[in-house]
There are 2 protein chains.
Amino acid sequence: MTETVDTAGTAAAASAGEPARAPGTTEPAGTAAPGTAGTAAPGEPKAAPRPGLRERKKQRTRDALLRAALELFLSQGYERTTVDEIAEAVDVSQRTFFRYFAGKEDAALFLQRLAESHFIAAVRERPAHEAPLEALRRAVLESWDTIGEAIEEVVPIELHMRTYRLIESTPALLAAHLRRSEEIEEEIAHLIAEREGLDVDRDPRPRIAVAVFGGVMRVTGRQWGAGEDTGVEAIRELTAAYLDQVGPALAEKWGPAPR
Amino acid sequence: MTETVDTAGTAAAASAGEPARAPGTTEPAGTAAPGTAGTAAPGEPKAAPRPGLRERKKQRTRDALLRAALELFLSQGYERTTVDEIAEAVDVSQRTFFRYFAGKEDAALFLQRLAESHFIAAVRERPAHEAPLEALRRAVLESWDTIGEAIEEVVPIELHMRTYRLIESTPALLAAHLRRSEEIEEEIAHLIAEREGLDVDRDPRPRIAVAVFGGVMRVTGRQWGAGEDTGVEAIRELTAAYLDQVGPALAEKWGPAPR
DNA sequence: TTGTCATTTGTCAGTGGCTGTCACTAGCCT
DNA sequence: AGGCTAGTGACAGCCACTGACAAATGACAA
């Protein structure tokens, strides 16, 4: 009902993608769209000269759509929210919504994808001498901060955390989220294999290591969402604690409860 | 086009569920529907006196729908197959299809669920003295056989294997399958916690152990689907080999490739 | 300023998954 | 036989999503 397109401020960090895409799709993220040469001269290493009116307007629309969608999802539930409602809240046509997002799902998972891209970037920056799991561990722990900041630039953090819980509790969203997780695991597995100089299709260890890590991260996330403390500090501690439990969980004999 | 309801023979092992359900849903599988007391006298421990004409007819319809659905999915792809086509192939109304399956997805994942229920049963039967991961390991390896047999009773095994590949390569199905996997992991985690006399919400080890296991199983399954040899023997070997790689994958220093 | 061009948007029409309703038929029970 | 109930078909309708085309609008040059 409220919030028309005029919801200025807070420039989303999203890339200027085609209908479907959002923050960092499967693509390496370093690939700037080569076709849409706005004001920027090609080949120039400069960052962002200035978006131009058209671009800014698009950004605002996308931003408004995202925010309206999330707020509606959170207030009345994902399934009970229709695309028409979202479009109407921003005062654009339903068709326009689909030009910015591949579907309802895509909008709901937007922030997740933002977070994921940060994690992947963090993994990329880990020094090669670290053991695989060590690198992954440090990458998550470290990225919790940057993720928080990046999200703040688009929507209030609190909105994101509530969205996370919504995803976990909405079957359709959870399914989509898990599929996405698998895609990321595949990507990370390739990164690890590369670090170690291995062929990912010949040596199962990269995929297995990543699968183990991913599994633990999912358990961690769920536990975090279920708990009270939704702060960045809490998730970091949980992450570390759970990763430390992998060894014990694989042990022959389980001792008494950890704490 | 072919195959009307008269596709007799091969009685499916499915339970007589409501619109949505299929083989073994979340329920413990030992719970026989208490409401639908057909010919069987209540309280009698006997297995199946005999279905009755009505029941048999239903079974045949469900079976025919399942088979038609899978065959259409495999021949023209999941997305390109409409529910109307499936219904028409069996010569029932579209509405009837939805009375047997919660949706297209449900039909496509039917066999998976059959397999899952066998695995869960196998875990339940593991002696309590085995270490958690040991029990899980033995449960899968052992259940590969019973799963194969159970599926043969409904459709030719080969159909199932092709369906598995289809699931892996169809985004919508993969997503649903992964979500289902998570549900199962939760269930297994509870079983493990029970075996060890632990509170699943107080001690993270059960969930972590199961998540690790599940992750490896998923990688295994994917590898199996990608390969040539789709026999039961192949999957068993792969499973064992991959589970053996968990230790090495978690090690500080990765040695040279395993083989 | 004005004309041209490319992009963005709205409108319309249509497909397909899925659900509620209701009357009808066919097994089942006494 | 006759009543009861479960299974089915025929509609009608909601909603996510897509293709096509025309109108609106920013970008840019004359």
Side-chain angles (χ1 to χ4, degrees), chain A residues 4-5 16-20 33 35-41 49-62 64-65 69 72-73 76-88 90-108 171-173 176, chain B residues 4-5 16-20 33 35-41 49-62 64-65 69 72-73 76-88 90-108 171-173 176:
Chain A
T4 322
V5 188
E18 302 271 286
T36 318
T39 318
R50 37 131 175 220
L53 202 160
R54 214 177 209 151
E55 213 57 33
R56 270 177 286 145
K57 205 169 174 182
K58 252 170 54 177
Q59 201 66 275
R60 256 181 297 150
T61 306
R62 185 200 304 278
L65 278 170
L72 284 168
F73 292 161
Q76 22 174 324
Y78 175 75
E79 315 275 14
R80 279 182 304 271
T81 301
T82 70
V83 173
D84 288 289
E85 281 178 304
I86 301 169
E88 199 178 349
V90 183
D91 203 54
V92 296
S93 72
Q94 189 219 49
R95 198 67 183 81
T96 293
F97 173 89
F98 285 110
R99 288 197 176 97
Y100 282 96
F101 300 95
K104 266 170 72 174
E105 222 174 73
D106 189 49
L173 292 180
Chain B
T4 322
V5 188
E18 303 271 285
T36 317
T39 319
R50 45 160 164 181
L53 202 160
R54 204 121 125 189
E55 211 58 34
R56 271 177 286 144
K57 207 169 173 182
K58 252 170 54 177
Q59 202 65 275
R60 255 180 297 149
T61 306
R62 185 199 304 277
L65 277 170
L72 284 168
F73 291 161
Q76 22 175 326
Y78 176 75
E79 315 275 14
R80 279 181 304 271
T81 301
T82 71
V83 174
D84 288 289
E85 281 177 304
I86 301 169
E88 198 179 349
V90 182
D91 203 53
V92 297
S93 71
Q94 189 219 48
R95 197 69 184 80
T96 292
F97 173 89
F98 285 108
R99 287 196 178 98
Y100 283 96
F101 299 97
K104 266 169 73 173
E105 220 175 76
D106 190 48
L173 292 180

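Chain letters run A, B, ... following the sequence lines, proteins first and then strands; every chain starts at 1.
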Would you please confirm or rule out a distance under 4.0 Å between OP1 or OP2 of [N] and any side-chain N or O of [X]?
X        : N     : answer
B:Lys58  : D:dG7 : yes
B:Thr96  : D:dG9 : yes
B:Lys57  : D:dG7 : no
A:Tyr100 : C:dT8 : no

Taking side chain as C-beta onward, heavy atoms only, is A:Ile86 less than 4.5 Å from A:Phe73?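 Of all side-chain heavy-atom pairs linking A:Phe73 with A:Ile86, at least one is under 4.5 Å.
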Could you tell me whether the side chain of B:Leu53 reaches within less than 4.5 Å of the side chain of B:Arg56, counting heavy atoms only?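 Yes. Closest side-chain heavy atoms under 4.5 Å.
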Just the rounded figure in Å: distance from [atom2] of [N] to [atom1] of [X].
X        : N      : atom1 : atom2 : answer
B:Arg60  : D:dG7  : CZ    : P     : 14 Å
B:Leu72  : C:dG16 : CG    : C1'   : 15 Å
B:Arg80  : C:dG16 : CZ    : C1'   : 15 Å
A:Arg62  : C:dT8  : CZ    : P     : 11 Å
A:Glu55  : C:dT9  : CD    : C1'   : 15 Å
B:Glu85  : C:dG17 : CD    : C1'   : 13 Å
B:Gln59  : C:dG27 : CD    : P     : 17 Å
B:Asp106 : C:dC18 : CG    : P     : 10 Å

Which distance, rounded to the nearest 0.5 Å, do you find between the [atom1] of [X] and the [atom2] of [Y]?
X        : Y        : atom1 : atom2 : result
B:Thr61  : B:Tyr100 : OG1   : OH    : 4.0 Å
B:Gln94  : B:Arg99  : CD    : CZ    : 10.5 Å
A:Asp106 : A:Phe98  : CG    : CZ    : 10.5 Å

If you take all heavy atoms of A:Val83 and A:Lys104, which pair is closest and at what distance?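 Looks like CG2-CG, 3.6 Å.
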Which heavy atom in B:Glu85 sits nearest to a heavy atom in B:Arg80, and how many Å separate them?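 Taking B:Glu85 first and B:Arg80 second, the nearest heavy atoms are OE1-O, 3.6 Å.
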Should the side chain of B:Arg56 and the base of C:dG27 be counted as holding a donor-acceptor pair, with the cut-off at 3.5 Å?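 No pair found.
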So which protein N/O to nucleotides 17-19 of chain D N/O distances come out below 3.5 Å?
| from | atom 1 | to | atom 2 | distance (Å) |
| --- | --- | --- | --- | --- |
| D:dC17 | OP2 | A:Lys104 | N | 3.0 |
| D:dG19 | N7 | A:Arg95 | NH2 | 2.9 |
| D:dG19 | O6 | A:Arg95 | NE | 2.9 |

First encountered from the 5' end of DNA chain D, between A:Thr82 and B:Arg54: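 Final value for this comparison: B:Arg54.
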